[in-house]
Each structure stands twice: as C-alpha cells, then as structure tokens.
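Have a look at the structure below before the remarks.
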Amino acid sequence: MEPLVKHEGKVVCMNRLNVDTDQIIPKQFLKRIERDGFGEFLFYDWRYEADGTPNAEFELNTARAQGATILLADENFGCGSSREHAVWALADYGFRVVIAPSFADIFFNNCFKNGVLPIVIPSDLRKELAETHAKGQWERATVDLEAQVIETDCGQRFQFEVDPHKRYMLLNGLDDIGLTLQYEDDIRAYEASRKAYQFVY
Amino acid sequence: MGKTLFEKVWDAHVVKQLPDGQALLYIDLHLVHEVTSPQAFAGLRFAKRAVRQPAQTFATMDHNVPTVNPTDVRDAIAKKQIETLMENCREFNVSLAGLDSPFQGIVHVIGPELGLTLPGKTIVCGDSHTSTHGAFGALAFGIGTSEVEHVLATQCLWQNRPKTMRIRLNGSLQSGITAKDVILGLIAKYGVNFGTGYVVEYAGTLIPQLSMEQRMTICNMSIEFGARAGMMAPDETTIAYVKGRQHAPAGEAWEAAVTEWRTLVSDADAQFDLDIEFDVNALEPQVTWGTNPGMGGGVNGIVPDPADAATETEARAIRQALEYMGLEPGTKISEIPIQHVFIGSCTNARIEDLRLAAAIVEGRKVAAGVHAMVVPGSKQVKQQAEEEGLHKIFLAAGFEWREPGCSMCLGMNPDIIPAGERCASTSNRNFEGRQGRGARTHLVSPAMAAAAAIAGHFVDVRTFQSEGVTA
Ligand code: SF4
C-alpha cells in the first residue's frame, strides 16, 4: 500500500447528505475481478447523463474541480453497502483524502486499507469550510498526517484526530496481514483453546 | 458489573488486545460470495498464502445470478465473476453452494438455514447485511474486500471495540404489522446514522413474540441506520430453529452448546452506552417515500413538504429525494400507483415472508399494468414453498415465480426496474439507482407488497385483509 505522510492537493466540495456507496460506484461496475480501473465509473449516475455525456452540473465535472485529490464531503458519507469498490473508485480517480463530519463505519475502515485518509471534522467547521470554499476564498489544502493538521491555502490551520493504529499503518504503508501474522502463536493458542462444538461442520 | 450480550461474545473472541485499543478478534465463520471476494483471493495467491481455516469458510453465489435460468449467465463479466469464485473455492479448498447445489441462495438466507449461523459465533462476510445473523445472538458484521483477504489468511480481524446500544422494542404488533414495519418505523424515527459506531442489542417484550424469520428481518436492516451489528439474545425459539440443521452441533456437542448459549444474555446490571425504547403497539404499516430507508412513514400518511424541514440541509435532501422519486408534497401515500412489485432479498424472502404474501394474494389477481415477481431467498426456501403450494397461489394471481438470488434487490443481474417506474419492494435499500438507473423504490413488508400488487397502489394491509378488495 502507498504510504500517506503529507498530501497537498486541490479540494472539491460535495454538499450532499448520506452519499451512499451505490452512488459512489453503481453496481453495474462491481463485476470486474480486478482492483484497478474503477475511477472512470466513480459517481457514474451523477457524473454522466443517461446518454453517456458528462453532466456539467455535477460537482466533479466543474472546471474548478479538475485534478482535485481531496474531497470535502458531508454527513454519513459512504453509507450503505460494504463494497470496497467505492474506495477503489475514489482512489483510482485520484482522491487521497476525504474530509467529512461523519462516515459510515465499513467505508471508513475500507479507506485506510487503500491508502485513503478519511478525516472527521466537526459539523460547524465543515459548514464554514464549505462556505468559504464556495466563495473562492481557498482552493487547495495540505494534510499532514504526521502532525495531524490540515492547512488551507488561505492559511487556516486545524488539528484532527485519528486512530493511532490506523495512522501508524497508513504512515508506513503497512499491510495488515503481515502485522497479524506476527501474532501467529497467539492465534494458534486461541484455536487450541476452543471447544469442539465451536468448530463443528 | 455485569456484561452485555455483545461483551460476552466479544470477550470470548479476543486473541490479542493491543494497548492502542485495537483487538485482534477471532472469526468463527466467514461467508463468501462472488462480488466481494475475487480481489481477496487474488491477493492471497499473489502473496502465496493459504486459507487458514477452509472449514470455517463457506461460499455461495447470489448477487449476479440470473433468476430465470441461473446457469444461463449471459453477461460475460458476471459469468467471469461466478467462474472465478468456483475456481477460487476449488484452489483454496473452500465449500461452495454453487449454482447446481440444492443449498444455493442468498448468503444471509443460507447461513441460518444450514445451521452455519449459531449463537455466540463471530461471523463476517464481505456484505453489509451480515448483520442479519445477529438474530441468533452471534456477533455478525460486514467487511470490505481487504478484510475478506485478511480473514481468509488469518481467521482474525483487527477491530476497535464499538459502543453498545440497547433498543427495547416494547409492545405487541397489530395483525398485519410485521418486523419489517418495526425496523422501518424505527429508522424513520431516528434517522439513517443514529447507530454509527454502535453494536445494537434489540431487547424488550416484542422479541420473544417474534419468529426467527422476523428477528432476522430486524437485524438485517441494522446497517441501514449505521449500526455495526444488531444482536438478539438466543432463547427457546432460537434453539428450536437451530436444532437438527445440517451443520448444527448434534448429540453431546448439542447439549454442551445449548448450555453455553443459554448464558448469552445481557446481565441485569450490564451497562449500555445508550439505551432507548421504541413502542410498537400503535405502529402502522410502513412505506418509504424517499431515497434512503429513513425517509418513510405510515401508509396512511402523506409525502412530506420540504418547507416543513427543520434545517436547510434537510429540506434540500427531501427536495432531491422527491424530485428523484417523482412525488409531490402532500400526496397521500395510499394514492401512489406502482408498476412493479418485488418480493425477495435477504430481508424478506424466507418461507414465512412468502407465506404471508401468499395469504394476501390467494384468490386475487395482480392489478392490470403491474409486473410482480417473487424471488425466494434460497433453493431450500423455494422447494419448501413449492411443497406447500405457495408458488401456485402466486402464479395464479399473475406473479412470476423465479429462481433464488439477490435479483431486483440491487439489479446486478438482468432484473431491473426501468427509469421512472415505481416498485413496491421488500428489500432493504431505496437508494437512487439501486434497482436500476432512475428506478423508484418504495420499501415495504411482504404483506404490504402483496396488497399493493393486487390494488395497484399502496394500501393499508389491515383494512385490505378485513374488507377484501376488488381493484
Ligand atoms: S439480497 Fe440485496 S441486500 Fe441482501 S445480500 Fe443480496 S444484494 Fe445484498
């Protein structure tokens, strides 16, 4: 996994509540057996009209959003299905950071497994950032995972919280499985302690 | 201090607790399906890893499967995904209820049916509705594909301990009201993310009155308000359901298991981070009008007006939903005409759901212009329904009777709703595009879906049943 230590990029803002994974990556694109190439289908039904032409009004299609790598989203982002394809699509499109007042659990976890940093910020701050961004007061931001700081290009700085374990994994680009296998003896001891009926079948 | 049901199951599965709060949790049962597993198996192969416990891993195919003739998969990419699962199961020695198996079906229907789902187990699957299995007192939750790979390789998962919530469902359901109405009513009241970060235990006087099928419907939709998992303490109903099933313990092991399962209750002095009560006595049949499961209410209500919303953000969400759904504020829910009816999905396609719908449909005809279909949750459900003659009732009324699979719940197979058309659906998600681009989904119980099929619009199943109807 690609480590994320510090990331600087353009921000796009999406003012929609409860954006679900069916919107992030509609199911007709879930049939592939690879992990890459999902970016072109990101937000497909919103991004394109029924005839396949881009929907000029959709947030990601505006001139200002081109090349954005940081998504400023709203409440309960990523709700719905567990499909990791949603994160693969965001990452493949180029997003490395998603900032929102709240995320759905499974989506939140899936982000970390794919080198995407989800950051939770207070609702008021989110609102203010969205407003100033809409007015064009700022365009870009730097996210420093080491210092746990976000800084906008108009000089606003604020701290954020992140789970220390997840932070460590992301800073170092570590694979969870490798880490877990260091606990092989513990797993084996646990398995030996189980009762017979717990394994029936 | 005593422990909650969740804490008992959790504590019994911690392999290693790290000081930073992460716990390595042992997974008893890993269910696998074709959509969220190919990249996980590919990862194993790439790293030259094996499946640690193939005997605790069980696969089936459901999402992509055509329901007219399941073996005739015309979509080349879907076919590839199905074949990939078959190859992966062969290579990694994992049991598979494939298209030709008498046990194939929706993963959350077959787990309990085969006795794989048992009280006290930890169960995961690359599917958010894994919460269904919590109805047995298991700790069951959905995971992403990276985690699927992790469980395949290690039989464990890193988890932060969630918070606990108890929802006491108190009272009794009126005739015609089902578990589906309970969970839809609950989400309509509290919203789609009030459960985020929590594992929920459903308790209260209603639970002992519910069958396992009804309990599963409630736990199934826990994820629709953001809960990590939903659980219910096992009782005599649970034990009777599990007994004698194919993979359930038998003989001495059965006795030992039952003794342990009886301890799986929250202690009287256990503390929950949040404790709420929901009275079900006056609950009406529920119908959603919007584009998430919380945007709904009673069948005798009206479509809300965004102008009445508490905040501007909420007003905008309602406006967007009504625009997508093609609805005007103030419209009576019971006057909304429908063109499709889907009885199916892991929420409501078990035998009891089909019996309930059949009882309403019997001797009646699907309204002109309505396309209605029943998709049983599994091969076993289908077979039992046919033994009981339910399929004849549906067919005589003008329903289609299909082969098992997820089908129109998410429309990955050919079963989709055309843009702009409206479906009364017993599934769990009414998101934009869920049943097809531009499709308009209204979530209801099987009884309400059956009644809507006959009437051609939503109708209160309580009066419908007593008066009969000529639509
Ligand atoms: S029936 Fe629907 S919700 Fe259930 S597993 Fe299939 S697609 Fe998911």
Side-chain angles (χ1 to χ4, degrees), chain A residues 15-18 20-23 26-28 30-35 44-46 50 74-76 79-85 87-88 102-107 109-110 113-114 163-166 168 175-181 183-184 186-187 189-191 194-201, chain B residues 15-16 18 20-22 24 26 28 35-36 38-39 42 47 49 55-56 64 75 77-78 80-81 84 116 126-128 142-147 149-150 153-156 158 160 192-193 196-197 226 228 247-249 253-254 256-257 292 313 317 410-412 419 429 431-434 437-438:
Chain A
N15 294 317
R16 299 173 191 244
L17 298 175
N18 304 313
D20 57 76
T21 53
D22 278 76
Q23 299 315 326
K27 72 263 166 176
Q28 63 268 36
L30 303 184
K31 291 175 189 162
R32 307 173 72 250
I33 56 168
E34 300 83 18
R35 249 177 213 263
Y44 193 85
D45 288 348
W46 285 343
D74 212 335
E75 294 281 358
N76 202 24
C79 62
S81 104
S82 65
R83 59 184 72 155
E84 198 159 317
H85 312 66
V87 181
W88 299 338
S102 62
F103 292 90
D105 274 345
I106 305 177
F107 175 84
N109 279 329
N110 285 342
K113 316 275 180 207
N114 293 281
D163 175 84
H165 175 81
K166 295 194 167 84
Y168 175 79
D175 162 12
D176 259 354
I177 297 178
L179 175 81
T180 307
L181 291 175
Y183 297 97
E184 172 65 28
D186 297 279
I187 302 173
Y190 181 85
E191 285 179 333
R194 308 237 67 197
K195 301 187 187 74
Y197 68 80
Q198 287 166 315
F199 279 130
V200 281
Y201 121 66
Chain B
V15 170
K16 184 85 190 171
L18 296 188
D20 67 4
Q22 291 276 310
L24 188 62
Y26 194 77
D28 294 323
V35 179
T36 53
Q39 294 87 353
R49 287 173 176 142
Q56 286 165 248
N64 269 318
D75 178 331
I77 314 179
K80 175 95 187 139
Q81 213 169 50
T84 303
L116 294 167
D127 192 283
S128 57
I143 56 177
T145 298
S146 295
E147 292 174 314
E149 183 183 340
H150 190 277
T154 67
Q155 206 56 39
C156 294
W158 291 102
N160 273 320
V192 288
N193 60 356
T196 304
R228 190 96 176 107
H247 294 283
W254 170 257
N292 72 45
T313 329
L410 91 167
M412 266 186 87
R429 285 190 177 140
F431 297 155
E432 285 185 25
R434 175 83 177 176
R437 189 174 180 138

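Protein chains get the first letters and strands the later ones, always in sequence-line order, with residue 1 at the start of each.
For a residue to count as touching a neighbouring chain, one of its non-hydrogen atoms must lie under 4.5 Å from one of that chain's; by this rule L30(A) touches chain B with backbone and side chain alike. Proximity to chain B is limited to the backbone of F103(A), based on heavy atoms less than 4.5 angstrom apart. Both the backbone and the side chain of R434(B) come within contact range of chain A, with heavy atoms under 4.5 Å apart. With a threshold of 4.5 angstrom between heavy atoms, S102(A) approaches chain B through side-chain atoms but not through N, CA, C or O. Using a 4.5 Å cut-off between heavy atoms, N18(A) contacts chain B through its side chain alone, with no backbone atom that close. In this structure, the portion of N109(A) lying under 4.5 Å from any heavy atom of chain B is its side chain and not its backbone. Contacts between E34(A) and chain B at a heavy-atom distance below 4.5 Å involve the backbone alone (N, CA, C, O). Using a 4.5 Å cut-off between heavy atoms, D45(A) touches chain B through backbone and side chain atoms alike. Using a 4.5 Å cut-off between heavy atoms, N114(A) contacts chain B through its side chain alone, with no backbone atom that close.
Residues R228(B) and I106(A) approach most closely at NH1-CG1, 3.5 Å, considering heavy atoms. The shortest heavy-atom contact between D163(A) and Q22(B) is OD2-NE2, 3.8 Å. A pairwise comparison of heavy atoms in S146(B) and R35(A) identifies OG-NH1, 3.6 Å as the closest pair. Across all their heavy atoms, S81(A) and S128(B) have their closest contact at CA-OG, 3.5 Å. When all heavy atoms of T196(B) and N76(A) are compared, the closest pair comes out as OG1-OD1, 4.3 Å.
At most 12 non-hydrogen atoms from other residues, nucleotides or ligands lie less than 6.0 angstrom from CD1 of I77(B).
With hydrogens and angles ignored, the 3.5 Å screen pairs no side-chain donor or acceptor of Q23(A) with any backbone N or O of G433(B). Side chain of K31(A) to main chain of N64(B): no donor-acceptor pair is present (N/O by atom type, distance under 3.5 Å, no hydrogens or angles). Here the side chain of K80(B) pairs no donor or acceptor atom with the backbone of R32(A) at under 3.5 angstrom.
The most heavy-atom pairs under 4.5 Å with chain A, out of T36(B), N292(B), L18(B), come from L18(B). Annotation: maximal heavy-atom pairing with chain B below 4.5 Å, among N110(A), T21(A), T180(A), occurs at T180(A). Between chain A and the options E149(B), Q155(B), R49(B), E147(B), the largest number of non-hydrogen pairs under 4.5 Å is found for R49(B). The greatest number of non-hydrogen atom pairs below 4.5 Å with chain A, out of R437(B), Q81(B), H150(B), is found for R437(B). Among the candidates G197(B), G226(B), A317(B), the residue making the largest number of heavy-atom pairs closer than 4.5 Å to chain A is G197(B). Note: E184(A) leads Q28(A), E75(A), K166(A), E184(A) in heavy-atom pairs under 4.5 Å with chain B.
Here the CD1-CG distance, from I143(B) to D105(A), works out to 13.5 Å after rounding to the nearest 0.5 Å. With rounding to the nearest 0.5 angstrom, the OG1 atom of T145(B) is 4.0 Å from the CH2 atom of W88(A). Atom OG1 of T154(B) is separated from atom CG of D176(A) by 9.0 Å, given to the nearest 0.5 angstrom. Annotation: the span from Y183(A) atom OH to C156(B) atom SG amounts to 11.5 Å, rounded to 0.5 Å. Taken to the nearest 0.5 Å, the CH2 atom of W158(B) stands 10.5 Å off from the NZ atom of K113(A).
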- Walk me through it: do R83(A) and V35(B) pass the test side-chain contact (heavy atoms from CB on, under 4.5 Å)? CA-CA 9 Å; R83(A) 59 184 72 155; V35(B) 179; over 6 Å; no
Practice prompt. Using the side-chain contact (heavy atoms from CB on, under 4.5 Å) rule, take V192(B) and L17(A) through it: C-alpha gap first, then chi angles, then the decisive distance, then the call.
Written response: CA-CA 10 Å; V192(B) 288; L17(A) 298 175; over 6 Å; no
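Taking a cutoff of 4.0 Å between a charged side-chain nitrogen and a carboxylate oxygen, R16(A) and E432(B) do not qualify as a salt bridge.
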